[in-house]
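Predicted, not measured: the structure shown is a model, and the values here were computed from it. Each chain gets a letter, A, B and so on, in the order the sequences are listed, and its residues count up from 1.
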There are 2 protein chains.
Amino acid sequence: MLKNTEFADKLRFSGLRPTKQRLKICEVLFKRDHTFHFTINDLAKNISEQLNEKISLATVYNTVHAFKKKGYLKEISINSDKSYFDTNTTSHHHFFDEDTNELIDCDDEVIEAPKIKKNISGKKIKSVEVLVKVATDYHNQK
Amino acid sequence: MLKNTEFADKLRFSGLRPTKQRLKICEVLFKRDHTFHFTINDLAKNISEQLNEKISLATVYNTVHAFKKKGYLKEISINSDKSYFDTNTTSHHHFFDEDTNELIDCDDEVIEAPKIKKNISGKKIKSVEVLVKVATDYHNQK
DNA sequence: TTGTTATTTATAATAATTCTAAACTTTATG
DNA sequence: CATAAAGTTTAGAATTATTATAAATAACAA
Ligand SMILES: [Mn+2]
Ligand SMILES: [Mn+2]
Ligand SMILES: [Zn+2]
Ligand SMILES: [Zn+2]
């Protein structure tokens, strides 16, 4: 967990100017004890409703994409109608609860890394991630 | 691989009327030796350009969703700007080539099934799938 | 056949996301 | 500091994928 002043340095170090908007978004995303998953809309709503700050939606998009490019966020696709982002940028696995649409992190202690026995020739493996879909028993699979 | 006449029976059996449009889409999707991945747009383009047939885009959407609901297609999320569908409806894993955006199937012989050591309490595991992202070595990861 | 119900279709609506270009901010330089 | 250059924010428009609507048509059962 970083302190407020450190965000400015980190941004500058990444070649991003530490603007008011970016610093606020850093606070919301990174000044916490645990990583989490969010959509652009969650984030924009949080900023405008909970924090009563005004950041243009275009800026929220710009910032999230800039942070992703710098490796501070990771994009996740479970569902194609909107993008999810993850403040946990390490390679890790997910449970996806189909009842609640909740996405839960887990690492190699909970889900053992699958062994890749063959690879596409000439290509390098960039990531290996497991998605486990769960639901209550009586729930019809989507 | 099914013959033309069998599609009508299969559709009727599923409670779907075997219309001209659905039969044509069955042909395009299922009258082949290998399963494959496609987007709605790929499919619509194939029908209108290669086959010179006219099926309304709304019907292509309707049909693909109907087939998915009946379990003849499976939806895949790698990328959140559009939905991919898979004619391979078994539980299986994928390589995703970031250079070409190509999605390649593989089964438990190539990627060993990951062991799930803990599950969310009260929930049942519906699927366990691995996504391996690959790229040429010099390629910057997205 | 004839009525009922399902399906197709064109088109409009919606929702997520990206683009644009002008205003504003931050940073570099003298 | 003053000023210019470069980067950023913003409102709003544009784009794209997808879903909804409602009238016309096709399939099916009686
Ligand atoms: Mn979807
Ligand atoms: Mn979309
Ligand atoms: Zn995660
Ligand atoms: Zn597949």
Side-chain angles (χ1 to χ4, degrees), chain A residues 5 7-28 37-48 51 53-70 72-73 75-85 101 142, chain B residues 4-5 7-28 37-48 51 53-70 72-85 101 142:
Chain A
T5 53
F7 291 129
D9 296 339
K10 197 157 184 188
L11 286 173
R12 235 182 312 256
F13 180 79
S14 310
L16 296 173
R17 293 183 178 176
T19 62
K20 259 204 320 287
Q21 293 84 347
R22 284 175 177 162
L23 289 169
K24 173 55 66 184
I25 291 173
C26 277
E27 261 190 72
V28 173
H37 306 103
F38 66 94
T39 66
I40 298 268
N41 224 300
D42 293 339
L43 179 55
K45 220 167 189 171
N46 183 333
I47 293 165
S48 81
L51 306 175
E53 309 256 348
K54 179 174 167 25
I55 299 181
S56 150
L57 183 60
T59 299
V60 180
Y61 271 97
N62 289 342
T63 302
V64 166
H65 285 130
F67 287 4
K68 180 190 169 188
K69 202 172 192 174
K70 297 297 178 183
Y72 303 138
L73 287 176
E75 195 168 359
I76 303 210
S77 299
I78 333 122
N79 166 309
S80 54
D81 41 284
K82 58 181 64 172
S83 250
Y84 284 74
F85 291 88
N101 272 28
K142 259 180 238 161
Chain B
N4 258 352
T5 52
F7 290 130
D9 294 338
K10 198 158 184 187
L11 286 173
R12 234 182 312 254
F13 180 78
S14 310
L16 296 173
R17 290 182 179 176
T19 63
K20 258 204 321 286
Q21 293 85 347
R22 285 176 177 161
L23 288 169
K24 173 54 67 182
I25 291 173
C26 278
E27 259 190 74
V28 173
H37 306 104
F38 65 95
T39 66
I40 297 268
N41 224 298
D42 294 340
L43 178 56
K45 220 167 190 170
N46 183 331
I47 293 166
S48 81
L51 306 175
E53 306 259 348
K54 179 168 167 30
I55 298 181
S56 152
L57 183 59
T59 299
V60 179
Y61 271 97
N62 288 342
T63 302
V64 166
H65 285 131
F67 287 5
K68 180 189 168 188
K69 203 172 192 176
K70 296 298 179 185
Y72 302 138
L73 288 175
K74 179 167 161 170
E75 194 170 359
I76 302 210
S77 299
I78 333 122
N79 168 309
S80 54
D81 41 283
K82 59 181 62 174
S83 250
Y84 284 75
F85 291 88
N101 273 27
K142 262 178 235 162

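Remark: C1' of dA16(C) and CZ of F38(A) are 15 Å apart, rounded to the nearest angstrom. The interatomic distance linking Q21(A) (CD) with dA11(D) (C1') rounds to 14 Å, in whole Å. As a whole-Å value, the separation of L57(B) CG from dT18(D) P is 9 Å. What separates CG of D9(A) from P of dT27(C) is a distance of 11 Å, to the nearest Å. dT19(D) atom P lies 10 Å from atom CG of N79(A), rounded to whole Å. Distance, I55(A) CD1 to dT8(D) P: 15 Å, rounded to whole Å. H65(A) places its NE2 atom 14 Å from the P atom of dA16(C), with the value rounded to the nearest Å. Atom-to-atom, CG of L11(A) to C1' of dT26(C) comes out at 13 Å; the value is rounded to the nearest Å.
Inspection of the D42(B) and T39(B) side chains reveals an N or O donor paired with an N or O acceptor under 3.5 Å.
Residue T59(A) is classed as a base contact, given a heavy-atom separation below 4.0 Å to a base. Heavy atoms of S83(A) sit under 4.0 angstrom from primed sugar atoms or phosphate atoms, though from no base atom.
Judged by closest nucleotide on DNA chain D, N62(A) is the one of L16(B) and N62(A) placed further toward the 5' end. Comparing Y84(A) and K54(B) by the nucleotide of DNA chain C that holds the closest heavy atom to each, the one mapping nearer the 5' end is K54(B).
Set against dT27(C), dT8(C), dT11(C), the side chain of R12(A) has dT27(C) as its closest nucleotide. Distances from the side chain of Y61(A) to the nucleotides dT18(D), dT8(C), dT17(C) place dT17(C) closest. Here dT26(C) is the nucleotide among dT26(C), dA17(D), dT17(C) with the atom lying nearest to any side-chain atom of P18(A). Counting only heavy atoms from C-beta on, K82(B) has its side chain closest to dT18(D) among dT18(D), dA27(D), dT8(D).
Between F67(A) and L11(A), the closest side-chain pair of non-hydrogen atoms falls below 4.5 Å.
Side-chain to base pairing of R17(A) with dA6(D): one donor and one acceptor N or O lie within less than 3.5 Å of each other.
Residues K24(B) and I55(B) approach most closely at CG-CD1, 4.0 Å, considering heavy atoms.
R22(B) contributes a side-chain N or O that, together with a main-chain N or O of R17(B), makes up a donor-acceptor pair within less than 3.5 Å. A donor-acceptor pair is defined here as one N or O able to donate and one able to accept, closer than 3.5 Å; no such pair exists between the side chain of S14(A) and the backbone of L16(A).
Neither OP1 nor OP2 of dA17(D) sits under 4.0 Å from any side-chain N or O of S80(A).
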